[in-house]
A.B. asks: 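Here it is: the structure, laid out below.
Labels below follow one simple rule: chain letters A, B, ... track the order of the sequence lines, proteins then strands, and each chain is numbered from 1.
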Amino acid sequence: MQTTLEKPLTSRLRPDGEPTSVGEYERAGGYRGLRAALNMTPQEVTELVTRSRLRGRGGAGFPTGMKWSFVPMGKDAPHPKYLVANADEMEPGTFKDRVLMEGDPHQFIEGMAISAYAIEADIAYIFLRGEYALSARRLSRAIAEAYERRYLGRDILGSGYSLELYLHMSAGRYICGEETALLNALEGKRAHPRTKPPFPQVSGLFGKPTIVQNVETLCNLPHILANGADWFLGLSRTVDGGTKLFGVSGKVKRPGLWELPLGVTLRQILEEEAGGMREGTRFRGVLPGGASTDFLVEEHLDIPMDYTNVQKAGSRLGTGTMVVLDDKTCPVGMLWNLEHFFAQESCGWCTPCWSGLGWTEKILLAMEQGKAVQQDMETLRFQTKFLAPGNTFCAFAPGAVEPLQSALKYFAGDFQRHIEEKGCPWR
Amino acid sequence: MLSQEEREEIEAEIAHYPAKRAVCIDAMLIVQRHRGWVSDESLASLAQFLDMSTADLDGVATFYNLIRRKPVGRHVAMICDSVSCWIMGCDRIRDHVCFRLGVPMGATTDDGRFTLLPIVCLGACDHAPAMMVDGELHTDLDEQRIDAVLQRYE
Ligand SMILES: Cc1cc2nc3c(=O)[nH]c(=O)nc-3n(C[C@H](O)[C@H](O)[C@H](O)COP(=O)(O)O)c2cc1C
Ligand code: SF4
Ligand code: FES
């Protein structure tokens, strides 16, 4: 797309907050990526996306092309196959997918059609969080327009390929974002995660091959197909391709969301884009990719924000939307708020998670109320190990203790003060 | 008993899935859109319509926080209590809304105008604190803005 070379995902967003219309989208080169895909074989599309080094933007960062390559293809593959867009965005501190769906719904739909074609899917669902009512209205309209113009439905653009696309409204609960829990929710069940293997690529929705993909990931596809893998790699300052939506909330001067090259430094985002800390506050730390990522602190400000470097620094790029902790905000209070969320949202399937997080939340509240004892520090440390990867049924619990384990490392003195001073020094 | 309209909307959803029960969450949300909540009676009619047991359907209903098994007011105000809003002072926002409406969180005002509920991150963290009333997002809240917002819902 000509006009969108540096910020392909966001350059068509209108300043008035209205969605890009289908006409505007087409004039800006929209649906060219889908046309290009339909002129290739599904395998060629997958190869192109693999070469572009697009990695999942939903939190785990799995390479997209590789994920598709596990789907059984060809005449003997089971059908119907499914593509599910994970539009459940509920990670506290995360506000990127909503912007993409509300502002440029056709980009998202085109991305879905391309991904579905690459795995020869017959049916696609958008699994949309229930609170996103405005996204729902705009997507419904855009889906109808896409059907009218033959970007969806039978025999898309005369290619012989057919795809039905439906919108599903979710009814709440953070765990629905976990891809196997999401599949249970979409089947009308309680959203408990499933055992893997079998992986969804082989046996997913209704037991059929299924790909679950984040909204932002899908929105990159039209541009990769239209402009090529080398162009996509060139957008980034790191080995993985593309731009990334980075967001900042908390007490910075200009909280917001920006599309930037993968690999910009944390300092650049916090100081140049977000304008630095508000008058009278100092930076203490940041959750770099939503509530379930480890804190980064001052010493990490110059790391490039990409999958590899954030991991090296002991955290995860996650959703790329950051929450800043300042010196006027109590770290223990913040942790209490986070663990309250996780304790509440645990799906209840396995005991270490539902019980351990409830216990963790209680201790943090006791610290805030001045009722904690020295032994509680040990218990908190124990919980972070007890809920580490491998000890629970899904990745929810390990994510839940990531902010806690890093806070115990970087803000140990603040926890200690709550115990010694029998209360919260910030109150 | 399901109304004609509810039944048609549910049928339209059923056409999108290979199995009838898959739409049970959609179906409950449809009933809720028409009646405000899912009563025991609605639940039983829905279960019958979808060839499920009532207990099975209630098991699904009770998992999801947006499915309401109790009546609510004419408007539902959901106040975000997740981390970015907490940092930006959502406790104060909650207290002010409760004070203005004269009820604690979780309750419905005597005149049936508002039900107040907490909600997790609304995806508006760069404009925290945030709340949602009947699916409409209100951001950058302070006491003044809350008063102005509440006035718009009769
Ligand atoms: C507890 C939990 C919640 C999640 N929530 C979301 C979510 O809201 N949106 C999302 O895209 N991915 C979420 N994920 C990640 C998904 O499981 C999955 O990895 C992702 O949707 C894959 O898409 P991607 O490869 O395009 O990133 C969550 C994972 C876990 C463990
Ligand atoms: S780790 Fe938590 S969310 Fe995941 S299955 Fe166990 S109880 Fe459920
Ligand atoms: S934390 Fe309140 S909107 Fe995200």
A.B. asks: In terms of heavy-atom pairs under 4.5 Å with chain B, which of A/Cys347, A/Gly130, A/Gly93 leads?
C.D. replies: A/Gly93
A.B. asks: So which part of B/Val83 gets closer than 4.5 Å to some heavy atom of chain A, the side chain, the backbone, both or neither?
C.D. replies: both
A.B. asks: Do A/Tyr174 and B/Asn65 have side chains that get closer than 4.5 Å, going by heavy atoms?
C.D. replies: no
A.B. asks: Start with the C-alpha distance between B/Asp126 and A/Val248, add both sets of side-chain angles, then the distance that settles side-chain contact (heavy atoms from CB on, under 4.5 Å), and finish with yes or no.
C.D. replies: CA-CA 7 Å; B/Asp126 54 340; A/Val248 179; over 6 Å; no
A.B. asks: Counting only non-hydrogen atoms closer than 4.5 Å, does A/Ile175 touch chain B with its backbone (N, CA, C, O), its side chain (CB onward), both, or neither?
C.D. replies: side chain
A.B. asks: Taking the side chain as everything from C-beta on, heavy atoms only, tell me whether B/Ile87 gets closer than 4.5 Å to A/Asp326.
C.D. replies: yes
A.B. asks: Under a 4.5 Å cutoff for heavy-atom pairs, which residue among A/Ala133, A/Ala171, A/Ser249, A/Pro255 has the most contacts with chain B?
C.D. replies: A/Ala171
A.B. asks: With a 4.5 angstrom heavy-atom cut-off, is it the side chain or the backbone of A/Arg98 that approaches chain B, or both, or neither?
C.D. replies: side chain
A.B. asks: Relative to chain A, which of B/Cys125, B/Ala27, B/Gly135 shows the most heavy atom pairs under 4.5 Å?
C.D. replies: B/Cys125
A.B. asks: Would you give the length of the straight line joining atom CZ of A/Phe95 to atom SG of B/Cys121, rounded to the nearest 0.5 angstrom?
C.D. replies: 8.5 Å
A.B. asks: Under the side-chain contact (heavy atoms from CB on, under 4.5 Å) criterion, do A/His168 and B/Tyr17 qualify, and how do the steps go?
C.D. replies: CA-CA 11 Å; A/His168 171 89; B/Tyr17 298 83; 3.0 Å; yes
A.B. asks: Is it the case that the ring center of B/Phe63 lies less than 6.0 angstrom away from the ring center of A/His192?
C.D. replies: yes
A.B. asks: Tell me, with the steps shown, if A/Gln344 and B/Val120 meet side-chain contact (heavy atoms from CB on, under 4.5 Å).
C.D. replies: CA-CA 10 Å; A/Gln344 170 185 305; B/Val120 300; 3.6 Å; yes
A.B. asks: With a 4.5 angstrom heavy-atom cut-off, could you sort out which part of A/Val324 is near chain B: side chain, backbone, both or neither?
C.D. replies: backbone
A.B. asks: When you look at OH of A/Tyr166, are more than 12 heavy atoms from neighbouring residues, nucleotides or ligands closer to it than 6.0 Å?
C.D. replies: yes
A.B. asks: Quick test of your reading: applying side-chain hydrogen bond (donor to acceptor under 3.5 Å, both in side chains), list the pairs with at least one residue in residues 274-285 of chain A, sequence neighbours left out, ordered by first then second residue.
C.D. replies: A/Arg284-A/Asp414
A.B. asks: Has A/Trp349 got more than 12 heavy atoms of other residues, nucleotides or ligands less than 6.0 Å from its CH2?
C.D. replies: no
A.B. asks: Run the side-chain contact (heavy atoms from CB on, under 4.5 Å) test on A/Arg173 and B/Leu66 for me, step by step, so that the C-alpha distance in whole Å, both residues' side-chain angles and the decisive distance to 0.1 Å come before the verdict.
C.D. replies: CA-CA 8 Å; A/Arg173 298 304 295 276; B/Leu66 294 182; over 6 Å; no
A.B. asks: Is any side-chain heavy atom of B/His16 closer than 4.5 Å to a side-chain heavy atom of A/Ile123?
C.D. replies: no
A.B. asks: Most heavy-atom pairs under 4.5 angstrom with chain A, which of B/Asp134, B/Ile67, B/Ile25, B/Val23?
C.D. replies: B/Ile25
A.B. asks: Side chain from CB out, backbone as N, CA, C, O: work out which of these in A/Thr94 comes under 4.5 Å of a heavy atom of chain B, or both, or neither.
C.D. replies: backbone
A.B. asks: Quick check on B/Leu57 against chain A: is it the side chain, the backbone, both or neither that has a heavy atom closer than 4.5 Å?
C.D. replies: neither
A.B. asks: Distance check, rounded to the nearest 0.5 Å: B/Leu29 atom CG versus A/Met169 atom CE?
C.D. replies: 8.0 Å
A.B. asks: Can you measure from CG (A/Leu338) to CH2 (B/Trp86) and round to the nearest 0.5 angstrom?
C.D. replies: 9.0 Å
A.B. asks: Rounded to the nearest 0.5 Å, what's the gap from OG on A/Ser170 to OH on B/Tyr64? Could you check?
C.D. replies: 6.5 Å
A.B. asks: Sort B/Ile119 into side chain, backbone, both or neither according to what part of it lies under 4.5 angstrom from a heavy atom of chain A.
C.D. replies: side chain
A.B. asks: What part of A/Phe342 lies closer than 4.5 angstrom to a heavy atom of chain B: side chain, backbone, both or neither?
C.D. replies: neither
A.B. asks: With only heavy atoms counted, which part of B/Met78 is less than 4.5 Å from chain A, the side chain, the backbone, both or neither?
C.D. replies: side chain
A.B. asks: For chain B, find which of A/Cys176, A/Ala185, A/Gly247, A/Ala291 contributes the most heavy-atom pairs closer than 4.5 angstrom.
C.D. replies: A/Ala185
A.B. asks: What do you reckon, is CG of B/Asp111 surrounded by more than 12 foreign heavy atoms closer than 6.0 Å?
C.D. replies: yes
A.B. asks: Check whether B/Ala124 gets within reach of chain A through its side chain, its backbone, both or neither, counting any heavy atom under 4.5 Å.
C.D. replies: both
A.B. asks: Quick one: does A/Met90's side chain get under 4.5 Å of B/Leu122's, heavy atoms only?
C.D. replies: no
A.B. asks: So, using salt bridge (Lys or Arg N to Asp or Glu O under 4.0 Å) as the criterion, who are the partners of A/Glu164 when residues are at least two apart?
C.D. replies: none
A.B. asks: OG of B/Ser82 to CD of A/Glu91: how many Å apart, nearest 0.5 Å?
C.D. replies: 10.0 Å
A.B. asks: With a 4.5 angstrom heavy-atom cut-off, is it the side chain or the backbone of A/Arg129 that approaches chain B, or both, or neither?
C.D. replies: side chain
A.B. asks: Quick one: what part of A/Ala191 sits under 4.5 Å from any heavy atom of chain B, side chain, backbone, both or neither?
C.D. replies: both
A.B. asks: When you compare the side chain of B/Arg21 with that of A/Lys189, does any pair of heavy atoms fall below 4.5 Å?
C.D. replies: yes
A.B. asks: Counting only heavy atoms closer than 4.5 Å, note whether A/Glu187 contacts chain B via side chain, backbone, both or neither.
C.D. replies: backbone
A.B. asks: Heavy atoms only: give me the nearest A/Tyr132-B/Gly123 pair and the separation to one decimal.
C.D. replies: OH-CA, 3.5 Å
